[in-house]
Enquirer: 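My questions all concern the structure below.
Below, chain A is the first sequence line, B the second, and so on; all start at residue 1.
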Number of protein chains: 2
Amino acid sequence: MARVRDERASQFRKGALELVILALLDRGELYGVEIVDRLAERPGLEASAGTIYPLLSRLKKAGVVDTTWRESPVGPPRKYYRLSPAGASELTEMTRSWRDIAAAIDDVLTGGADDA
Amino acid sequence: MARVRDERASQFRKGALELVILALLDRGELYGVEIVDRLAERPGLEASAGTIYPLLSRLKKAGVVDTTWRESPVGPPRKYYRLSPAGASELTEMTRSWRDIAAAIDDVLTGGADDA
DNA sequence: CACGCTAGCTTGTGATGCAAGGTAGCATCG
DNA sequence: CGATGCTACCTTGCATCACAAGCTAGCGTG
């Protein structure tokens, strides 16, 4: 049954992953594997590397994140991602959109605004 | 800019639409066009008929909704959708999943659970 | 120099939102 | 009684996206 639960969660997560990643980067730069690990710590927000990297590519192409290669003390170089100025305002607006949608859904769930 | 806002909203809505429709049907049976209209009343949850009908087909195939044809006083017959017993428990579990995910996202947005 | 770990990225698939278009019942108007 | 228009259901084609699986490559150790 855990599988079914996971699939449901996966549905909800769609579209919100981008917001969550921007929010994480708002607190400081991170590299790919680190982002995957941070998400894995939060039940319901897990995402595999195969999901994260294409998303990060899209974010970079869209100009909302900037990247820097840095040496690693223990392995291959890491590509650090950080919010660009455009990314910061995108985060602000996405956060507002998110709150609106979440409120609308909660409203439906609680039977609100029902004039029948 | 309104267009940009809509696209963002569209991203978030993904996956949540199903939950919202089940929640609407939980209050009584509705037919297709009526569902589209109800969603249109709620800013952020709008969805076109081309989105709704395939989704309703999937829900029927999955056994979470039942359907009944009824005559209309003013036009062609309407196909009414209503929650099946399986749909009711699905709604319960999806609601729980939704609240979990929404809480996790809010947590990230507010900088919660940050041990750095 | 082979193995294994870390790290980044690509490919292929399936699901899904959505615009556009198609079919059809019913009523009204000339 | 044919044309027009409204309501209602549904399909097609396309673009996006999460995801599993797999690939490349740097670096250190035995």
Enquirer: Are any side-chain N or O atoms of A:S84 and backbone N or O atoms of A:G63, one a donor and one an acceptor, separated by less than 3.5 Å?
Expert: yes
Enquirer: Choosing from D:dC10, C:dT16, D:dA18, which nucleotide comes nearest the side chain of A:R13?
Expert: D:dA18
Enquirer: Taking the minimum atom-to-atom distance to the side chain of A:Y53, which one of D:dC9, C:dC18, C:dG8 wins?
Expert: C:dG8
Enquirer: For the pair A:Q11 (side chain) and A:A9 (backbone), establish whether a donor and an acceptor sit closer than 3.5 Å, ignoring hydrogens and angles.
Expert: no
Enquirer: Check whether any side-chain N or O of A:T51 sits under 4.0 Å from OP1 or OP2 of D:dC19, and answer yes or no.
Expert: yes
Enquirer: Could you state the interatomic distance from CD (B:E18) to CD (B:E90), rounded to the nearest 0.5 Å?
Expert: 6.5 Å
Enquirer: Does A:K79 put a side-chain nitrogen or oxygen below 4.0 Å from OP1 or OP2 of C:dC9?
Expert: yes
Enquirer: Could you pick out which residue, A:P76 or A:A49, lies toward the 5' side of DNA chain C when each is mapped onto its nearest nucleotide?
Expert: A:P76
Enquirer: Please tell me which of the listed nucleotides, C:dT16, D:dC17, C:dC26, lies nearest to the side chain of B:R58?
Expert: C:dT16
Enquirer: State whether A:S10 places a side-chain N or O below 4.0 Å from either non-bridging phosphate oxygen (OP1 or OP2) of D:dA18.
Expert: no
Enquirer: Considering only C:dC26, C:dT10, D:dT16, which nucleotide approaches the side chain of B:Q11 most closely?
Expert: D:dT16
Enquirer: Of the nucleotides D:dC17, C:dG17, D:dC27, which has the atom closest to the B:L55 side chain?
Expert: C:dG17
Enquirer: Relative to the 5' end of DNA chain D, which residue comes earlier, A:P77 or A:L17, by the nucleotide with the nearest heavy atom?
Expert: A:L17
Enquirer: Check each of B:V64, B:D66, B:L91, B:L83 against B:L25 using the side chain to side chain contact (heavy atoms under 4.5 Å, CB included) test, and report the only one that passes.
Expert: B:L83
Enquirer: From C-beta outward on A:K14, which listed nucleotide comes closest to its side chain: C:dG8, D:dC19, D:dA18?
Expert: D:dA18
Enquirer: On the nucleotide D:dA8, are OP1 or OP2 found under 4.0 Å from the side-chain N or O atoms that B:Y31 carries?
Expert: yes
Enquirer: Start at the 5' end of DNA chain D and walk down; is the nucleotide closest to A:P73 or to A:G15 reached first?
Expert: A:G15
Enquirer: Base, sugar-phosphate, or nothing for A:Y81, non-hydrogen atoms under 4.0 angstrom?
Expert: sugar-phosphate
Enquirer: If you round to the nearest 0.5 Å, how far is OH of B:Y31 from CG of B:D37?
Expert: 7.5 Å
Enquirer: For B:G50, which contact category applies under a 4.0 Å heavy-atom criterion: base, sugar-phosphate, or nothing?
Expert: base
